[in-house]
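Let me begin by presenting the structure, written as structure tokens, before commenting on it.
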Amino acid sequence: MSTPAEIYDELKGFLDFGEPDAVRLRALAPVFAKHGSTITDDFYVVLGKNAETAKLIEGRVDALKATHARWMAELFAGDYGEGYFNGRMRIGMVHVKVGLSPYYVEATMTHIRNAAERIIHQNVADRGEATASYNSLLKLLDLDLMVINLAYQEERLDLLTKVTGMKRGLLENLIKQGQKKK
Ligand code: HEM
């Protein structure tokens with residue numbers, strides 16, 4: 001089975017995420033440096049309104065806002081290689097470890113997508129360029145989510161390995177066989 005890093009590279013190819021996207025994202029860096037904090041602020045308002053997510057962020061919103069701002073700056077840094085993947089995988093693992101259900105991460109990305117679309121269209125005058133830039137960002141946000149999901153998947157496989165005492169490769173084969181039988 002492919003490693004998470006190999007899957008990340010494959011998905012970049014699958015989404016046709018490449019240098020033109022990196023160039024567009026880099027060009028958006030000043031826009032998001034100026035307006036991105038509104039996304040972060042709104043994000044934590046949303047998390048604060050839901051019982052399960054609110055209890056996880058209680059008393060640490062300011063610290064989390066700072067990490068969120070770093071996460072956002074990295075979206076527009078233009079380097080999406082191994083270092084980027086490792087950082088995103090680590091962020092995924094942080095969410096696994098706090099016991100957050102993965103579907104909250106999936107669902108909250110909607111707020112980031114919507115707010116980013118508004119910011120780009122308000123600040124990039126050329127409509128064609130704004131749309132192309134937004135599409136590049138959507139690809140990267142999807143890649144980020146895929147990596148976070150890989151972190152959840154890795155953790156579940158590790159847990160099964162620990163609980164059953166079975167080797168990782170054997171478990172992966174059993175899953176594959178089970179899928180074929182469906
Ligand atoms: C698109 C979705 C999300 C993004 C991009 C995101 C981003 C981040 C980042 C960058 C960190 C810092 C990781 C580190 O370097 O240590 C973090 C930590 C954290 N996030 Fe999220 N997050 C997302 C969704 C959520 C949701 C839905 C919750 C629900 C409560 C949440 C709760 C937390 C908590 C509690 C931590 C701190 C964990 C710890 O250090 O104990 N995040 N997040």
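One-based numbering, in listed order, for ligands and for the atoms of each. Reckoned from all heavy atoms, side chains included, excluding hydrogens, waters and symmetry mates.
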Task: Numbering as shown, the atoms of ligand 1 that approach Y104 to under 4.0 Å (heavy-atom distance) - done: 27 (C)
Open item on the list: Give the atom numbers and elements of ligand 1 that come within less than 4.0 Å of a heavy atom of L47.
Closed with: 26 (C), 27 (C), 28 (C), 29 (C)
TODO: Please list, chain by chain and in numerical order, all residues satisfying side chain to side chain contact (heavy atoms under 4.5 Å, CB included) with L174, sequence neighbours excluded.
DONE: M166, Q177
TODO: Check the side chains of E10 and S2 for a donor-acceptor pair under 3.5 angstrom, ignoring hydrogens and angles.
DONE: no
Task: For atom 30 (C) of ligand 1, the protein heavy atom that lies nearest, with its residue and separation - done: T53 O, 3.4 Å
Considering only distance and modelled atom types, tabulate donor-acceptor pairs under 3.5 Å from the side chains of residues 12-25, sequence neighbours left out.
from	atom 1	to	atom 2	distance (Å)
K12	NZ	Y80	O	2.7
E19	OE2	R26	NH2	3.3
D21	OD1	S136	OG	2.7
D21	OD1	K139	NZ	3.3
D21	OD2	G18	N	2.9
D21	OD2	K139	NZ	3.3
R24	NH1	S136	OG	2.9

Open item on the list: Applying a strict under-4.5 Å side-chain criterion to I, L, V, M, F, W and Y, I'd like to know whether M146 and M109 cluster together.
Closed with: yes
Open item on the list: Quick check on E106: does its CD atom have over 12 non-hydrogen neighbours (other residues, nucleotides or ligands) under 6.0 Å away?
Closed with: yes
TODO: For V98, counting its heavy atoms only, list the atoms of ligand 1 lying under 4.0 Å from any of them.
DONE: 38 (C), 39 (C), 41 (O)
Task: Residue-atom pairs from the protein, N, O or S only, that lie under 2.8 Å from atom 21 (Fe) of ligand 1 - done: H95 NE2
Open item on the list: Under a 3.5 Å cutoff, is there a donor and acceptor pairing between the side chains of D158 and T161?
Closed with: no
- [ ] Under 4.0 Å, heavy atoms only, figure out whether ligand 1 is touched by the backbone of T108, its side chain, both or neither.
- [x] side chain
TODO: Answer with side chain, backbone, both or neither: which part of R60 has a heavy atom less than 4.0 angstrom from an atom of ligand 1?
DONE: side chain
TODO: With F76 as reference, evaluate L137, L140, V31 under the side chain to side chain contact (heavy atoms under 4.5 Å, CB included) test and give the passing residue.
DONE: L137
- [ ] Measure across Y44 and L64 and return the closest heavy-atom pair with its distance rounded to 0.1 Å.
- [x] OH-O, 3.3 Å
TODO: Could you verify whether a donor N or O on one side chain and an acceptor N or O on the other, from H35 and N123, lie under 3.5 Å apart?
DONE: yes
TODO: Under 4.0 Å from a heavy atom of F43: give me the atoms of ligand 1 that qualify, with their elements.
DONE: 2 (C), 3 (C), 23 (C), 24 (C)
Task: Which of the ligand 1 atoms, numbered from 1, are nearer than 4.0 Å to a heavy atom of L56 - done: 30 (C), 35 (C)
TODO: Just need the protein heavy atom nearest to atom 5 (C) of ligand 1, so name the residue and atom and give the distance.
DONE: W71 CE2, 3.3 Å
TODO: For ligand 1, indicate whether the residue R90 contacts it via side chain, backbone, both or neither (heavy-atom separation under 4.0 Å).
DONE: side chain
Task: Donor on one side chain, acceptor on other, R88 and Y84, under 3.5 Å - done: yes
Open item on the list: So, using side-chain hydrogen bond (donor to acceptor under 3.5 Å, both in side chains) as the criterion, who are the partners of H68 when residues are at least two apart?
Closed with: T40
Task: Side chain, backbone, both or neither: I57 near ligand 1, heavy atoms under 4.0 Å - done: side chain
- [ ] Using a strict 4.0 Å cut-off to heavy atoms of M109, name the atoms of ligand 1 that fall inside it.
- [x] 1 (C)
TODO: Answer yes when E172 and K167 have at least one side-chain N-carboxylate O distance shorter than 4.0 Å, and no when they do not.
DONE: no
